[in-house]
Amino acid sequence: MMTRILLYSDEPILAKGLESVLRQIEGFELLPTCNTISGVMEQVAHGAPELVLMDLTPEITFAVLSEMKHAMMTTKIVLWVNSISTELAFQAMGLGVRGILRKTLPTDLQVKCLQKVQAGELWFEKALTDSFLCARRVALTQREGQLVSLLSQGLKNKEIATTLMISEGTVKVYLSRLFQKVGVKDRFELALFGLKNLTTGQLPSGEKGHRAGPGAMPGLRSLVLERPVERHEPPARFAGPIRPVISRQY
């Protein structure tokens, strides 16, 4: 049986090169290449590809991947990347992405990846899986995730309390627990971890330009930390100089 492959990329020259290789592979049928997400969704609706090779363009976030995976329940997705963060790779695997393929690999390995994935296997390079072993995933409650999302936007305790409809004292209690749970010493570091996960994952806002209410705001479900944190000392109230954007009130 022919395997229908859909390629999504915003780099036409690179895409043309891969197209020419894939057209020569027996058993592969290449659908018209797309350079927009809407184009991919339209092709999926009409062509029902068995495999989608997705260039990791700025359009691709965790939310977009989640929506696309939901729309392509039976389609296998492989991410085509120059590089990828541990956070996004972790989240992509959780969604059911079947492989992560580097563009710099030799063409025979790129073809082999697609063949393996189509055969039901997974394709993740050792360097990437090793980074998973060095990473630590911290599960957050819904309220903790909402608080980290708002903190990462630079909101102060009073603003967070108003948005979540809780008291400032409760915000301080949550922050104290989060510092210990995540292994950070202050709100600035917690906000940085939140930003790293937000930029590759869910957005903390509802409609554009409007902050979502506490019931509608998705927040973060987890934080993926690049390396194990082994701090055991109690969190500091004011550690180091005050930094811009993220207030250090606590």
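Predicted model, so just to flag it, every value in this text is computed and none were measured. Just so you know, these numbers use all the heavy atoms, side chains as well, and skip hydrogens, waters and symmetry mates.
Counting heavy atoms from C-beta outward, K112 and W123 have side chains that approach closer than 4.5 Å. When side chains are defined from C-beta on, V117 does not count as touching L101, because their heavy atoms never get closer than 4.5 Å. Under the 4.5 Å side-chain criterion, counting only non-hydrogen atoms from C-beta, Y174 is not in contact with L164. Looking at N35 and P12, their side chains never come closer than 4.5 Å, going by heavy atoms from C-beta outward. In this structure, V21 and Q110 have side chains that are not in contact, with every pair of non-hydrogen atoms separated by 4.5 Å or more. Side-chain contact check for Q43 versus P49: every heavy-atom pair is 4.5 Å or farther apart. You'll find the side chain of V171 reaches within 4.5 Å of the side chain of I166, heavy atoms only.
Taking each heavy atom of S167 and T170 in turn, the nearest pair found is OG-OG1, 2.8 Å. When all heavy atoms of V78 and C113 are compared, the closest pair comes out as CG1-SG, 4.2 Å. Closest heavy-atom contact between A191 and S152: O-OG, 3.3 Å. The two residues D55 and S9 have their closest heavy-atom pair at OD2-OG, 2.7 Å. In terms of heavy atoms, F124 sits closest to I100 at CE2-CG1, 3.6 Å. Considering all non-hydrogen atoms of both residues, S83 and L56 come closest at O-CD2, 3.8 Å.
At a threshold of 4.5 Å between side-chain heavy atoms, the hydrophobic network of Ile, Leu, Val, Met, Phe, Trp and Tyr places V44 and L7 in two separate groups. Using a 4.5 Å cut-off between side-chain heavy atoms of Ile, Leu, Val, Met, Phe, Trp and Tyr, with links allowed through other members, V111 and L18 fall into the same hydrophobic cluster. By the criterion of side-chain heavy atoms lying less than 4.5 angstrom apart, applied directly or through intervening Ile, Leu, Val, Met, Phe, Trp or Tyr residues, M54 is not grouped with I5; the two fall into different hydrophobic clusters. Hydrophobic clustering of Ile, Leu, Val, Met, Phe, Trp and Tyr side chains at less than 4.5 Å, counting indirect connections, unites F179 with L150. Hydrophobic clustering of Ile, Leu, Val, Met, Phe, Trp and Tyr side chains at less than 4.5 Å, counting indirect connections, keeps L31 apart from I25.
Ion pairing of R4 with E50 is present here, as a side-chain N (NZ or NE/NH1/NH2) and a carboxylate O approach within less than 4.0 Å.
Through ILVMFWY side-chain contacts below 4.5 Å, I13 is grouped with nothing and stands alone.
Of the possible donor and acceptor atoms, one in the side chain of D186 sits under 3.5 Å from a partner among the backbone N and O of E189. Not a single donor-acceptor pair under 3.5 Å links the side chain of E19 to the backbone N or O of L30. Judged by distance alone, the side chain of K76 and the main-chain N or O of G120 form no donor-acceptor pair under 3.5 Å. Side-chain atoms of S20 come within 3.5 Å of backbone atoms of G17 as a donor-acceptor pair (strictly under, hydrogens ignored). Using a distance-only test at 3.5 Å, with no hydrogens or angles considered, no donor-acceptor pair links the side chain of E59 to the main chain of T36.
Residue Y8 is tested with T57, T33, L53 for a side-chain contact (heavy atoms from CB on, under 4.5 Å); the sole match is T57. Of the candidates V184, L140, L151, L140 is the only one forming a side-chain contact (heavy atoms from CB on, under 4.5 Å) with L178.
The distance from the OG1 atom of T74 to the CE atom of M72 is 9.5 Å, given to the nearest 0.5 Å. Put simply, CG on L79 and CG on L65 are 5.5 Å apart, with the number rounded to the nearest 0.5 Å. One distance of note links CE of M93 with CG of L122; it measures 6.5 Å at 0.5 Å rounding. The line from CG of L109 to NZ of K116 is 11.0 Å long, rounded to the nearest 0.5 Å. Rounding to the nearest 0.5 Å places CG of L175 at 9.5 Å from NZ of K172. The line from OG1 of T3 to CG of L51 is 7.5 Å long, rounded to the nearest 0.5 Å.
The local environment of NZ in K69 is crowded, with over 12 non-hydrogen atoms from other residues, nucleotides or ligands closer than 6.0 Å. Around the CE atom of M2, the shell of radius 6.0 Å holds more than 12 heavy atoms that belong to other residues, nucleotides or ligands.
Residues R143 and T141 bring no donor and acceptor atom of their side chains to less than 3.5 Å of each other.
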What do the steps show when you test R102 against N82 for side chain to side chain contact (heavy atoms under 4.5 Å, CB included), and what is the final call?
-> CA-CA 6 Å; R102 280 190 298 117; N82 287 310; over 6 Å; no
Candidate pair I37 and E67, rule side chain to side chain contact (heavy atoms under 4.5 Å, CB included), full reasoning = CA-CA 11 Å; I37 296 298; E67 180 182 349; over 6 Å; no
